[in-house]
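For this chain, numbers begin at 1 and follow the sequence in order. Computed from heavy atoms alone, side chains included, the values below leave out hydrogens, waters and symmetry copies.
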Amino acid sequence: MVMGDLVVEVDVAVVGGGPGGYSAAFRCAELGLETVVVDATARLGGACLFEGCIPSKALLHVAAVLDEAERAREFGVDFGAPRVALDPLRTWKAERVVGKLARGLAAVAKAKGVELVSGRAVFEGSRELRVEGEAPQKIRFKHAIVATGSAPSALPGLGPGGDRVLDSTAALELRDVPERLLVVGGGYIGLELGQVYAALGSRVTLVEMLDGLLPGVDRDLVQPLARRVDKRFAKIHLGTKVVALREAGGAVEAGLSSGETLAVDRVLVAVGRRPQGAGLGLETTRAVVDARGFVSVDERCRTADPHVLAVGDVTGEPMLAHRAMRQGKVAAEVLAGLPSAFDNVAVPAVVFTDPEVAWCGLTEPDAVRAGRPVRVARFPWAASGRAATLGRSDGLTKLVADPETGRVLGVGLVGPGAGELVAEATLAVEAALTVEDLAATIHAHPTLSETLMEAAESLLRRA
Ligand code: FAD
Ligand code: NAD
């Protein structure tokens, strides 16, 4: 392979270096395929590392420390009023967290012999890419894997709104802590980043157009989070839209569909993400991009063009990093001739709020909607010894099982650490374990994982 003005020939060209793209590239290299990754930002990590999962979780950790310190007064420990210095916080996030992981990914790429090409890639047919940027070049490939991810959606009809209106990327930069923050959207980002800014001292108002937070998620799991957010945020407007945004005298005036006007210092728009499937030149291939911008793929991550595969956010919901990573590995193995498929039964989801909300597999509301009979157990954490020692009894573990076979079909969790507990649940669903299996497995005491065993036992008692 020779880079420069010459046309480069590779086995696999991966377009996009996020979790989908780098997972695909690393696995391709392990399987002996000569691989390049083209990324517009000239680095591996994508939205997840630079403007998503990692920086948001770093800031949520800081928020949790602040909240815990405040709560410690309940058990007689007083740290005094916290003082947050934004410069060291930003440096810690950028260098010790994001930078360290970015350097790690670059080192792995080097060790595996994956070349990173900097620039924006555009398809010129089913076998060639044009790379635009400082060092324009062409790459000829036997196969390409599209992993161009997604970008924040704007508020429809309201325009960009000036620099007081932030998307998640800008909010994660933590330029300042506004006194009054309006969060538009009560989904993953609105709640996670809303909690971060509330912990740092902002007065947060949240506007959600539907009639509940985290629409589509089991209400049993959302309720404890909604109760906590109600206490931490200044106000939550459900069933409400922002219909106007206007900068006025150093503030932003937001007109709500209820007729109310709010004056705030910053607005965070978190109303979903859109796939980056358009503008890639895919029309010069046989791959199909649907009306929403998603690249259509089958369960082996293949598009309608035999030379083009696609993985990650650009291929559909749920737009989650671990789904992108699994698809990336599947795509690579498919190219190497292995019998892999993205046929996972359970894709776990975790909202890293306080309390955390996590679920996998079939949920009770989905079963009801599908008219599928299920048996459901709810184990409130008020009965968990470990939850009591943490002073956090507001959690719930919910088990959804098949009434005939006893198979665990789905698990829902809410409470501190739910995001870690969902790993056992995902394994149970994926491996087709039964309620008996969960009940008979020894769970260390005292741990929150016992709530899974207890939920299983309660189902067996009712059998
Ligand atoms: P991306 O990570 O979006 O990467 C795409 C890459 O493609 C980018 O580097 C981009 O520069 C590059 N690119 C695009 N077009 C071109 C082109 N034409 N040529 C060259 N390069 C191109 N998910 C979780 O699972 N857990 C979380 O906790 C979580 N938290 C999140 C928090 C926030 C604030 C946000 C915004 C997202 C979060 N997500 C989380 C979602 C997660 O970031 C995405 O699901 C994940 O990054 C998708 O990976 P991907 O590889 O498909 O694409
Ligand atoms: P989201 O889909 O989770 O939530 C968007 C919310 O905005 C919804 O509740 C929706 O009803 C609401 N909304 C839409 N238009 C609105 C309007 N005009 N006015 C008021 N409310 C409106 O989207 P997000 O929070 O932007 O996150 C995008 C995606 O990124 C997520 O769906 C998820 O895939 C990913 N993500 C994952 C995590 C995680 O895994 N922990 C964290 C952050 C983001």
Practice task
Decide yes or no on side-chain hydrogen bond (donor to acceptor under 3.5 Å, both in side chains) for Thr303 and Asp305, but give the supporting numbers first.
Solution key: CA-CA 5 Å; Thr303 70; Asp305 190 311; 5.5 Å; no
Exercise for the section: In plain terms, say whether Glu30 and Lys112 are close enough for a salt bridge, that is, a side-chain N and a carboxylate O under 4.0 Å apart. Expected result: yes
Handout entry: Pair Arg96-Thr91, side-chain donor/acceptor within less than 3.5 Å
Key = no
Problem - Within 6.0 angstrom of Glu173 CD, more than 12 heavy atoms from elsewhere - result: yes
Problem - salt bridge (charged side-chain N to carboxylate O under 4.0 Å, His left out) between Arg203 and Glu179, worked out - result: CA-CA 6 Å; Arg203 222 178 110 77; Glu179 212 174 298; over 6 Å; no
Problem - Check: Glu333/Ser340 side-chain N/O donor and acceptor closer than 3.5 Å - result: yes
Practice task
May I ask you to check whether over 12 heavy atoms, not counting those of Asp211, lie within 6.0 Å of atom CG?
Solution key: no
Practice task
Any chance you could measure Phe294, atom CZ, to Thr315, atom OG1, to the nearest 0.5 Å?
Solution key: 8.0 Å
Practice task
Just say parallel, tilted or perpendicular for the rings of Phe141 and Phe123, cut-offs at 30° and 60°.
Solution key: perpendicular
Handout entry: Within 6.0 Å of NZ in Lys57, more than 12 heavy atoms from elsewhere
Key = yes
Handout entry: Carboxylate-amine/guanidinium contact Arg227 Asp394, below 4.0 Å
Key = no
Exercise for the section: Please indicate whether Arg71 has more than 12 foreign heavy atoms, meaning atoms of other residues, nucleotides or ligands, lying under 6.0 Å from its CZ. Expected result: yes
Completion exercise
Separation between CG (Leu221) and CD (Glu356), nearest 0.5 Å, reads 13.0 Å
Exercise for the section: Hey, could you give me the CG/CG distance between Leu59 and Leu89, rounded to the nearest 0.5 Å? Expected result: 6.0 Å
Completion exercise
Here the gap from Gln223 atom CD to Asp230 atom CG, rounded to the nearest 0.5 Å, amounts to 11.0 Å
